Amino acid sequence: MRASAYPLIDAGEAAELVLERTPVLGTETVALADAPGRVLGEDLVGESALPPFPSSAVDGYAVLAADAGKSLRVLGESAAGRPFTGRVTAGTAARILTGGVVPDGADVVVMVEDTTLAGDLVTVPSRLVAGSNFHQVGADLRPGDLILRAGTQLGAAEIGIAAATSHARLAVHRRPRVALMSTGDELVEVGKTPRPGQIPDSNRWALLAALREAGADVDVLGIAPDEAGALRRFVTGALERVDALVTSGGVSVGTHDLVKPLLEALGTVHVGRVKLKPGKPFTFATLDRGKVAFGLPGFPVSSLVTFEVFVRPALRKMQGFAQLQRPTLQVRLGYDARPTAERTEYQRVMLRREGRELVAETTGSQSSSRLMSLAGAHALVRVPAGDQVIRAGTVVEAMILSLP
Ligand code: AMP
Ligand code: MG
């Protein structure tokens, strides 16, 4: 059969191949309101100092440290947004509010709690340290400082700092537009009652969720039948509009498995089989104009695990993320992990805290059709190919999906 002609590639090698051939998408400029979650496309450099003026940290009086212990005449007030325009000189003070500009001449702000006021005379403590109780110009940022690096995902603090430095719009990477297609004559729309032999198209919804979480903008093509001509018609129009194609089903070795020949016809297949469990039939191709295509296996767990291992990092590369991979942590196995000969296996586990350690317990049967093995899983434990059982108690590396 045709598909078996593809060489079995090592899982790590296949992942590298995918990333090498996945392009980084260009950038667009968006308003801050549209920036959350996006990835910065260029280094953000400060043009001015932050704070831009010496700014009081407290309510009190701006004075000269040399006037410690004296009663000083209050000349006026510097409130936030309404600076005192005069100068504080020896023997004088200006009332100041938090965020107010420290007036020229003053070198210290005294907290109101430490003063006594009688008429227009304020008495300050006998020990004052110049520079206290206000933020110096440029204390947070100096002009020319690197604020945020390209590849940073924009969260609340990053958007806050961009706003504070007067950046109303930001250059961010384009989000990948992905066409998602399910294949299989046995599939029916979720919600319809399956007739004998039919199953709901669950991969569409699982992959839609996974794609969105990874930052993609998804164009759902629906269910394509197991017929070469129809399959091709399904994708051709869609390919014009997208950066990537993700399919599920139709990649294993069987007469109804038409996705590999389709991708061969549309472009170049670089990965056709992987030493991976679950997910051996995973297929990766490049199409024209820098587009990429991922043929995921039909088994629900296989499609999501291959999504994690290959597709998610690729989508993150497209978006310019500095960090492509999920974080990993060392965890202690709470069960005997049986490896598979010749194939790297990603076993689904729940994590539990035990003292300072994380202990991994299997989610049960690791069958590639059993989505329950992935539902609620905190991590994927990478079990290298081999024939030696990895005993409970061994510390292994886990790809973290969420933490308990
Ligand atoms: P295939 O890769 O097409 O041979 O499919 C392998 C297995 O996954 C079969 O049992 C299919 O019925 C099942 N499958 C394929 N596509 C989907 C889908 N979209 N949703 C749920 N199960 C699927
Ligand atoms: Mg099929």
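Remember, it's 1-based here, ligands and their atoms both numbered in the order they're listed. This chain uses plain numbering: 1 for the first residue, then up along the sequence. Quantities reported herein were computed from a predicted structural model and do not represent experimental measurements.
The closest approach between a heavy atom of Ser248 and any atom of ligand 1 is below 4.0 Å. At a 4.0 Å cut-off, at least one heavy atom of Pro200 sits close enough to ligand 1 to count as contact.
Between the side chains of Glu345 and Thr340, at least one donor N or O lies within less than 3.5 Å of an accepting N or O. Using modelled atom types, one finds no donor on one side chain facing an acceptor on the other under 3.5 Å when comparing Arg204 with Ser182. For the residue pair Lys317/Thr22, the side-chain donor-acceptor check at 3.5 Å is not satisfied.
In Arg352, the CZ atom is crowded: over 12 heavy atoms of neighbouring residues, nucleotides or ligands sit closer than 6.0 Å.
Ligand-side atoms of ligand 1 in range of Ile199: 12 (O), 21 (C), 22 (N), 23 (C), range being under 4.0 angstrom from any heavy atom. Residue Ser252 approaches ligand 1 through these ligand atoms, each under 4.0 Å from one of its heavy atoms: 2 (O), 4 (O). Those atoms of ligand 1 with a heavy atom of Glu186 less than 4.0 angstrom away are 11 (C), 12 (O), 15 (C). Taking a cut-off of under 4.0 Å to the non-hydrogen atoms of Ser202, the atoms of ligand 1 that pass are 20 (N), 21 (C).
For atom 10 (O) of ligand 1, the closest heavy atom belonging to the protein is Phe299 CE2, 3.7 Å. With respect to atom 23 (C) of ligand 1, the closest heavy atom belonging to the protein is Gly298 O, 3.4 Å. Atom 1 (P) of ligand 1 has its closest protein heavy atom at Gly250 N, 3.7 Å. The protein non-hydrogen atom at the shortest distance from atom 16 (N) of ligand 1 is Asn203 ND2, 3.7 Å. Among protein heavy atoms, the minimum distance from atom 19 (N) of ligand 1 is reached at Asp201 OD1, 2.7 Å.
Between Tyr61 and Leu72, every side-chain heavy-atom pair lies at or beyond the 4.5 Å cut-off.
With respect to Arg212 and Asp217, no salt bridge is recorded, no charged nitrogen being found less than 4.0 Å from a carboxylate O.
Between Pro300 and ligand 1, a contact under 3.5 Å exists for no N or O pair.
Ring pair Phe284/Phe294 is tilted by interplanar angle, where 30° to 60° counts as tilted.
Here the rule is side-chain contact (heavy atoms from CB on, under 4.5 Å) with Arg174, and of Val39, Val24, Asp243, Thr27 only Asp243 fits it.
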Take Glu342 and Lys275 through the test salt bridge (Lys or Arg N to Asp or Glu O under 4.0 Å) and record every step on the way to the result. CA-CA 6 Å; Glu342 311 278 313; Lys275 294 181 190 172; 5.1 Å; no
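At a heavy-atom distance under 4.0 Å, no atom of Ile223 approaches ligand 1.
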